[in-house]
Amino acid sequence: MTPTSHDPVDVLVVGGGIGGLSTAFALAREGLRVRVLEQAGEFGEVGAGLQIAPNCTRILHDYGLLDEVKSLGVLPGSMVMRDAVDGTELTRLDLADLERVYGFPYMVIHRSDLHGVFLRACRRAGVDLITDAKVSGYENTPSGARVRLADGRTDEGRIVIAADGLRSVARRLLVDDEPVSSSYVAYRAAIPIQEAGGNVDLSEVSVHVGPRCHFVRYGLRGGEMLNQVAVFQSPKALAGEQDWGTPDELDDAFAATCQEVRAGIPLMWRDRWWRMFDRDPVMTWVDGNIALLGDAAHPPLQYMAQGAIMAIEDGWVLARHVAARRAEDGSIDWQGALAAYEAVRPEHCRRVLDTARAWGELWHLDGVARLQRNALLRARDTYDYSFIDWIYGPTALTPEEEPPMFTPVPLDSVDVSGLVDDAAGHPLRA
Ligand SMILES: Cc1cc2nc3c(=O)[nH]c(=O)nc-3n(C[C@H](O)[C@H](O)[C@H](O)COP(=O)(O)OP(=O)(O)OC[C@H]3O[C@@H](n4cnc5c(N)ncnc54)[C@H](O)[C@@H]3O)c2cc1C
């Protein structure tokens, strides 16, 4: 077997997505020798926009990358949630006030732009970036960990970070599980703003929530582009059909939504779509000198818009623990660093994964429950952050720093009897 390189490294990162690259940069900036192995022929990201909340922009600031990210993205003035059926406003976040409260902005950016920021930062920091390197196996060795590539090559590091995404090979070392299908599918579009017609307000991140569907819209690249995401439950998936999430289902899913949403549907890309999977949370991410990170450890449903952010937080937390455990002679207590990482990140990510599932259910309600949700959201004060404090505040480095969760309000506590005209829950008003 031939190695991918003859230079020994401290850290071998498998996967050059946002999680892998951001972690490689975080560790290289601590003076470590880092190599990234990416299966694709080049580093890149497929897809459209990403929302990045203050718990991410705080870390970008710490990395010295926030100004570059700001120059590429958009800082919207508000995030507004509306009912997808009647178009009425349910609740909003004032994002200028949010920045005042949490100290860092809520932004939107094209995911290839954020990925590019980390790729350039890795190059500047001297990370060894290898493409066409598909890892097919992992093993611990007495002095570190070794990976086997599909083409027969091998590589070794003092530790191996597996940031190989939803279908992680490394995860099999720790748990025998499979991705969980939500039966929901996402259509995306990132298009020049001129193609959207004149009627789009890019000062907002707009989310329309409706029965078994939702629709997200915001601007990208300084307002030159429009990003849209249309998500719906596939009847064909529920029926167990293989060919699910097709464009005919997209049109049907949004047929009963308000005019504003329906106007956006013809703009969606129709040649590709993303079936939505997550995995059940797991609390063990480390096997000897091999650790999971990003979607490999905690792929979420996207409803909290925290998947890429959690991956970036993972790398930041790990690098902080590594830096704290370096002796004067440069040696690192790796087991201590990995244990500290595993002590704090799985519980935080478990909370996000569970909340994302619950949040998705809340968004997609129908009938009486939809009216109860709407009443609950309308009653929320714009400047009440008690539901998001646990997530947008500083990323915890220890379990003690992890903030308490919010207290959920039961839907049944909301009386909407005056708004319903029959037992099926048909609303009195549209
Ligand atoms: C519709 C949608 C909207 C989203 N919106 C948001 C949002 O607004 N905000 C947010 O924070 N998150 C969002 N997310 C989630 C976010 O995209 C992911 O959580 C994030 O990209 C995960 O990054 P990662 O680097 O861990 O994994 P990935 O992006 O999956 O990267 C894994 C990398 O590993 C490589 N790889 C895989 N296997 C191997 C192998 N065997 N050998 C070598 N390389 C390998 C892959 O080629 C890839 O480059 C959204 C997701 C979806 C689907």
Side-chain angles (χ1 to χ4, degrees), residues 4 12-24 35-53 55-57 59 73 79 106-112 114-115 118-119 129-138 147-151 153 155 160-172 179 182 184-190 205 207 214 216 218 220 227-231 268-269 272-279 292-315 349 352-353 356 360 391:
T4 58
L12 202 55
V13 176
V14 179
I18 287 172
L21 289 188
S22 61
T23 301
R35 181 177 304 130
V36 179
L37 304 179
E38 165 57 45
Q39 65 180 0
E42 54 187 62
F43 287 93
E45 269 276 334
V46 185
L50 271 182
Q51 303 180 48
I52 49 175
N55 56 320
C56 180
T57 50
I59 291 174
M79 180 187 295
Y106 194 106
M107 290 188 54
V108 286
I109 185 166
H110 199 292
R111 61 175 63 223
S112 65
L114 184 62
H115 185 269
F118 283 122
L119 188 60
L129 296 159
I130 311 280
T131 53
D132 294 309
K134 183 179 171 67
V135 172
S136 57
Y138 295 75
V147 300
R148 195 174 55 254
L149 274 65
D151 61 10
R153 290 178 293 169
D155 207 342
V160 171
I161 302 295
D164 52 345
L166 172 72
R167 300 189 187 277
S168 168
V169 172
R171 188 174 168 110
R172 289 188 216 133
S182 68
Y184 278 75
V185 58
Y187 278 68
R188 289 160 154 162
V205 175
V207 185
H214 74 264
V216 179
Y218 50 81
L220 291 174
N227 184 72
Q228 297 194 138
V229 190
V231 176
M268 306 311 299
W269 293 330
R272 70 203 116 154
W273 48 91
W274 287 262
R275 293 167 175 175
M276 312 300 332
F277 291 85
D278 68 355
R279 290 194 193 239
L292 302 180
L293 183 142
D295 271 12
H298 47 73
L301 295 178
Q302 81 278 20
Y303 307 126
M304 297 282 293
Q306 285 279 324
I309 297 176
M310 285 190 287
I312 292 168
E313 288 182 304
D314 289 347
C349 296
V352 177
L353 264 58
I391 197 141

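One-based numbering, in listed order, for ligands and for the atoms of each.
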For ligand 1, list every N/O pair with the protein closer than 3.5 Å, one pair per line with the distance.
unit_1: ligand 1; atom_1: 8 (O); unit_2: Q51; atom_2: N; d: 2.8
unit_1: ligand 1; atom_1: 9 (N); unit_2: Q51; atom_2: O; d: 3.1
unit_1: ligand 1; atom_1: 9 (N); unit_2: A305; atom_2: O; d: 3.2
unit_1: ligand 1; atom_1: 11 (O); unit_2: A305; atom_2: O; d: 3.4
unit_1: ligand 1; atom_1: 11 (O); unit_2: G307; atom_2: N; d: 3.4
unit_1: ligand 1; atom_1: 11 (O); unit_2: A308; atom_2: N; d: 3.0
unit_1: ligand 1; atom_1: 11 (O); unit_2: I309; atom_2: N; d: 3.1
unit_1: ligand 1; atom_1: 12 (N); unit_2: G307; atom_2: N; d: 3.3
unit_1: ligand 1; atom_1: 12 (N); unit_2: A308; atom_2: N; d: 3.0
unit_1: ligand 1; atom_1: 17 (O); unit_2: R111; atom_2: NH1; d: 2.7
unit_1: ligand 1; atom_1: 17 (O); unit_2: R111; atom_2: NH2; d: 3.2
unit_1: ligand 1; atom_1: 19 (O); unit_2: D295; atom_2: OD1; d: 2.8
unit_1: ligand 1; atom_1: 19 (O); unit_2: D295; atom_2: OD2; d: 3.4
unit_1: ligand 1; atom_1: 19 (O); unit_2: A308; atom_2: N; d: 3.3
unit_1: ligand 1; atom_1: 25 (O); unit_2: I18; atom_2: N; d: 3.4
unit_1: ligand 1; atom_1: 25 (O); unit_2: G19; atom_2: N; d: 2.8
unit_1: ligand 1; atom_1: 26 (O); unit_2: D295; atom_2: N; d: 2.8
unit_1: ligand 1; atom_1: 41 (N); unit_2: V135; atom_2: O; d: 2.9
unit_1: ligand 1; atom_1: 42 (N); unit_2: V135; atom_2: N; d: 2.9
unit_1: ligand 1; atom_1: 44 (N); unit_2: Q39; atom_2: N; d: 3.2
unit_1: ligand 1; atom_1: 47 (O); unit_2: E38; atom_2: OE2; d: 2.7
unit_1: ligand 1; atom_1: 47 (O); unit_2: Q39; atom_2: NE2; d: 3.1
unit_1: ligand 1; atom_1: 49 (O); unit_2: E38; atom_2: OE1; d: 2.7
unit_1: ligand 1; atom_1: 49 (O); unit_2: E38; atom_2: OE2; d: 3.3

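- For the atom pair CG of L50 and CD1 of I109, the computed distance is 8.0 Å after rounding to the nearest 0.5 Å.
- Counting heavy atoms from C-beta on, the side chains of I309 and M304 never come closer than 4.5 Å.
- Remark: Q51 engages M79, Y106, V108, V205, V216, Y218, A305 in a side-chain contact (heavy atoms from CB on, under 4.5 Å) (not counting sequence neighbours).
- With sequence neighbours excluded, the residues satisfying side-chain contact (heavy atoms from CB on, under 4.5 Å) with A162 are Y138, D164, A170, L292.
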Under 3.5 Å, sequence neighbours excluded: what are the donor-acceptor pairs made by side chains of residues 295-303?
unit_1: H298; atom_1: ND1; unit_2: G294; atom_2: O; d: 3.4
unit_1: H298; atom_1: NE2; unit_2: G294; atom_2: O; d: 3.3
unit_1: H298; atom_1: NE2; unit_2: D314; atom_2: OD2; d: 2.6

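- Atom CD of Q306 is separated from atom CG of N55 by 4.5 Å, given to the nearest 0.5 angstrom.
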